[in-house]
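Everything on this sheet refers to the single structure shown next.
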Amino acid sequence: MEVYVLRLGHRIGRDQRISTHVALVARAFGAKGIYFDRFDKNLFESVSKVVKTWGGDFFIEATEWKKMLQNFQGLRVQLTMYGIPLPEKIEEIRRAKKILVVVGSEKVPKEVYELCDLNISIGLQPHSEISALAIFLDKLLDLVFKIEFNDAKLKIIPCEKGKKVLKLR
Ligand code: SAM
């Protein structure tokens, strides 16, 4: 199964930190790449730097969100607290070969609810795009403790206390 993320409503400057974390969660939990609805040089560079250091071929790209949603060949799933609880739909989602997961920022345009095949909630309370995405990807892919990235420069060696990092190249 291939999973991609579409992050809507990124505001340059203001959302740098939260959008970086959305992208890093997407990568660490097994998505192939992330699309943003606008280009942000600092954000794109900081995520690309993480990929160079920690490995893998995760991509970050800007896109026209509406065209992307209209043309995506696969299952389009928006994460929203107003949607159907994930456990009710997870089997249907698991049958898809290709998934685009949409997460918002402040306010998501109404059209998104129509353009997506499924609107899915991770609990019926407001929280955040970072937590919603992490839980969704974990329940769906279950990769966070298994994933290994090629060509990493650094690798963490788990330890009880302190930090152990192996320099690979
Ligand atoms: N008032 C906003 C709305 O219209 O949905 C909530 C914005 S929230 C800060 C940002 C994003 O976090 C949402 O667009 C959604 O993707 C995600 N999110 C927050 N709580 C969620 C929940 N309980 N279930 C699924 N996604 C959630």
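These numbers come from the heavy atoms of this one structure, side chains and all, not from hydrogens, waters or symmetry mates. Counting starts at 1 for both ligands and their atoms, following the listed order.
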Ile122 vs His127, side chain to side chain contact (heavy atoms under 4.5 Å, CB included): CA-CA, chis, key distance, verdict: CA-CA 9 Å; Ile122 307 293; His127 45 93; 4.1 Å; yes
Parallel, tilted or perpendicular: ring planes of Tyr4 versus Phe59, cut at 30 and 60 degrees: tilted
Parallel, tilted or perpendicular: ring planes of Phe39 versus Phe44, cut at 30 and 60 degrees: perpendicular
Sub-4.5 Å side-chain heavy-atom contact between Asp40 and Ser19: no
Can you report which non-hydrogen protein atom sits closest to [atom], along with the distance?
| atom | value |
| --- | --- |
| atom 3 (C) of ligand 1 | Tyr82 CE1, 4.1 Å |
| atom 15 (C) of ligand 1 | Leu79 O, 3.0 Å |
| atom 24 (N) of ligand 1 | Ile122 N, 2.9 Å |
| atom 20 (N) of ligand 1 | His127 N, 3.1 Å |
| atom 2 (C) of ligand 1 | Glu106 O, 3.4 Å |
| atom 12 (O) of ligand 1 | Glu129 N, 3.1 Å |

Atoms of ligand 1, numbered as shown, that sit under 4.0 Å from any heavy atom of Val108: 14 (O)
Numbered atoms of ligand 1 (with element) below 4.0 Å of Thr80, judged on heavy atoms: 24 (N), 25 (C), 26 (N)
Part of Lys107 within contact of ligand 1 (heavy atoms, under 4.0 Å): neither
Side chain, backbone, both or neither: Ser131 near ligand 1, heavy atoms under 4.0 Å: neither
N/O donor-acceptor pair under 3.5 Å between Arg76 side chain and Val101 backbone: no
Donor-acceptor contact present, side-chain Ser121 to main-chain Leu124, <3.5 Å: no
Leu100-Val77 co-clustered via ILVMFWY side chain contacts under 4.5 Å: no
Shared hydrophobic cluster for Val5 and Leu69 (ILVMFWY, side-chain gaps under 4.5 Å): no
Of the listed options Gly123, Ser105, Ser128, closest to atom 10 (C) of ligand 1 (non-hydrogen atoms): Ser105
Do any nitrogen or oxygen atoms of [X] lie less than 3.5 angstrom from nitrogen or oxygen atoms of ligand 1?
| X | answer |
| --- | --- |
| Gln125 | yes |
| Ala132 | no |
| Ser121 | no |
| Gly104 | yes |
| Gln78 | no |

Enclosure of Glu2 CD (heavy-atom neighbours >12, cutoff 6.0 Å): yes
Lys/Arg-Asp/Glu bridge criterion (N-O < 4.0 Å) met for Lys110, Glu114: no
